[in-house]
Protein chains: 2
Amino acid sequence: MSAVSASTNRQRASQRRRAPQIIEAAAQVFAERGFHGATTQDIADVLGIRQASLYYYFSSKEAALELVCLRGVEGFFEAAKAISTGPGDARKRLILLIESHLSPLLDRGNFIKVFLNERQFLPTESRRRIGRWSRGLERIFEDVIKEGIAKGEFRADLNVRLVTLAILGMCNAASSWYGKENFSVATLAAEFARLVTDGVDKRPAGRRPSR
Amino acid sequence: MSAVSASTNRQRASQRRRAPQIIEAAAQVFAERGFHGATTQDIADVLGIRQASLYYYFSSKEAALELVCLRGVEGFFEAAKAISTGPGDARKRLILLIESHLSPLLDRGNFIKVFLNERQFLPTESRRRIGRWSRGLERIFEDVIKEGIAKGEFRADLNVRLVTLAILGMCNAASSWYGKENFSVATLAAEFARLVTDGVDKRPAGRRPSR
DNA sequence: AATTCCATCTATTGAGCTATAGAAAATGAG
DNA sequence: CTCATTTTCTATAGCTCAATAGATGGAATT
């Protein structure tokens with residue numbers, strides 16, 4: 001390997017030292033003000049450095065958005081896939097899917113918020129890539145719901161697509177108020193899962209399917 | 001009445017002639033690109049007029065956002081209030097609340113989308129006003145749910161606040177995909193209402209409370 | 001026909017923003 | 001302590017955009 005590429009490698013490694021903080025600041029600012037409402041100056045202010053210094057870490061504001069969105073989605077698909085192909089009946093797996101979809105709110109709230117609200121402003125190619133990713137995740141939910149219907153665990157008259165969109169909408173909305181409301185992710189996940197499986201209606205005791 | 005105020009009245013009346021189209025165009029553009037991503041030039045292009053001509057109809061871009069948001073929320077509260085104080089058991093009224101919350105998607109989708117996603121960029125005062133309005137609407141849902149619990153229609157272990165946020169999140173999310181997905185508002189409302197009351201779980205026939 | 005009013009236009013100002021160039025400071029290895 | 005490399009800085013170019021000022025032409029009013 002030539003001296004040039006050795007130097008390049010070293011450079012990348014050191015950039016990575018502070019890079020996480022930079023992206024975190026970008027996530028925070030994009031989450032608060034939106035991509036177009038945020039300025040690179042705002043990001044620099046959070047870090048206590050000069051606006052132009054940011055360009056040592058990313059080549060454009062759009063590139064920063066891309067990095068934030070990538071961390072926003074990272075892991076979701078893999079975790080969901082593992083659950084959907086894992087053990088348990090469809091009902092149990094749907095509950096796990098909901099919990100797993102909510103849990104990253106805890107430590108990556110800003111990234112997820114930015115992904116949900118600002119991904120539309122990504123450059124065409126990465127927007128498409130993330131679109132495909134997103135449809136893949138929906139597909140996982142749909143498949144588990146279909147299986148639940150086929151096995152007689154879920155109502156046969158469910159509209160699979162609509163139920164999926166309802167569940168994801170419900171979960172994703174949490175990113176907008178989680179932190180303002182006083183709920184732990186665990187409480188949130190438990191309540192949402194129970195709502196999805198059982199609904200709000202009370203029904204005679206001892207008549208629910210065993211869990 | 002003086003000549004001056006007669007003239008003022010006439011002016012206002014004529015402004016109103018085209019004003020609805022102007023606001024509609026603003027709603028469309030804000031919905032597509034977001035408030036900060038949209039330019040006044042974009043709005044003018046939709047209307048086929050010059051950018052500066054818009055300022056005959058509103059005094060600033062922010063003022064345009066305010067007009068769009070106002071039309072976005074208009075009617076929601078009144079309709080919900082009427083339902084919550086109207087006839088029927090809590091269950092029936094909750095279903096009506098969901099339907100009523102979804103139905104404006106049909107003819108005011110862009111306004112609602114802008115209200116949901118861009119209201120954070122309103123000037124302080126109107127943002128606060130809309131915040132109070134919003135909490136009022138949540139309160140209506142919460143009260144109906146509480147009543148349902150008190151009367152034994154709903155599960156006693158419901159977390160009222162979380163269930164409210166879940167329902168509203170689910171409904172509001174529809175604004176982002178309604179139009180891309182092939183569902184009528186009626187189908188949507190029926191499926192969402194059923195999901196909220198009954199959940200996805202199948203349970204033995206003939207054991208559900210009568211409706 | 002003259003006058004007033006409405007709606008839109010042209011032209012422009014001034015502010016704010018992204019991104020680049022190149023200098024300077026900090027870091028760290030030998 | 002020296003030198004190479006990494007990181008941050010200053011300065012600014014170049015662009016886009018919201019908003020204002022004042023002109024214009026057509027419609028309505030008298």
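Because the structure is a prediction, the values reported are computed rather than measured. In what follows, every chain begins at residue 1, and chains take the letters A, B, ... in the order their sequences are listed.
Taking only side-chain nitrogens and oxygens, A:Tyr56 comes nearer than 4.0 Å to OP1 or OP2 of D:dT7.
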_Walk me through whether A:Ser103 and A:Ser100 qualify under side chain to side chain donor-acceptor pair (under 3.5 Å)._
CA-CA 5 Å; A:Ser103 66; A:Ser100 143; 5.4 Å; no

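Between the side chain of A:Glu118 and the main chain of A:Phe35, a donor-acceptor pair closer than 3.5 Å is present. With hydrogens and angles disregarded, a donor-acceptor distance shorter than 3.5 Å links the side chain of B:Glu191 to the backbone of A:Asn159. Under the 3.5 Å distance criterion, the side-chain polar atoms of B:Arg108 are matched with a main-chain donor or acceptor of B:Arg71.
Relative ring orientation between A:Phe76 and A:Trp133 is described as perpendicular, the plane-to-plane angle rising above 60° on a 0-90° scale split at 30° and 60°.
Listed by residue number, A:Ala38, A:Thr39, A:Thr40 are the residues of residues 23-48 of chain A with a heavy-atom contact under 4.0 Å to DNA chain C.
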Output a table of nitrogen or oxygen pairs between the protein and nucleotides 22-26 of chain C separated by less than 3.5 Å.
none

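The side chain of B:Tyr55 lies closest to D:dA18, out of C:dT8, C:dA19, D:dA18. Checked against C:dT18, C:dC6, D:dT8, the side chain of A:Tyr57 finds its nearest nucleotide in D:dT8. Of the candidates C:dA19, C:dC9, C:dC6, C:dC9 carries the atom nearest the B:Ser53 side chain, counting heavy atoms from C-beta on. With D:dT6, C:dA19, D:dA19 as the choices, the nucleotide that has an atom nearest any side-chain atom of B:Gln51 turns out to be D:dA19. Residue A:Ala52 has its side chain nearest to D:dT10 when only C:dT8, D:dT10, D:dA19 are considered.
If you measure from atom CZ of A:Phe58 to atom C1' of C:dA19, you get 11 Å, rounded to the nearest angstrom. C:dA7 atom P lies 10 Å from atom CZ of B:Arg18, rounded to whole Å. Rounding to whole angstrom units, CZ of residue B:Arg50 and C1' of C:dT8 are separated by 10 Å. Going from atom CD1 of B:Ile49 over to atom C1' of C:dC6 covers 14 Å, rounded to whole Å. Remark: P of D:dT10 and CG of A:Leu54 are 14 Å apart, rounded to the nearest angstrom.
By the neighbour-count criterion of 12 heavy atoms within 6.0 Å, atom CD of A:Glu78 is densely surrounded, having more than that number from other residues, nucleotides or ligands.
A distance of 15.0 Å separates CZ of B:Arg128 from OG of B:Ser134, quoted to the nearest 0.5 Å.
Side-chain contact of A:Thr39 with A:Asp42: a donor-acceptor pair under 3.5 Å is present, judged by distance alone.
Counting all heavy atoms, side chain and backbone alike, A:Cys171 lies closest to A:Ile98 at SG-CG2, 4.0 Å.
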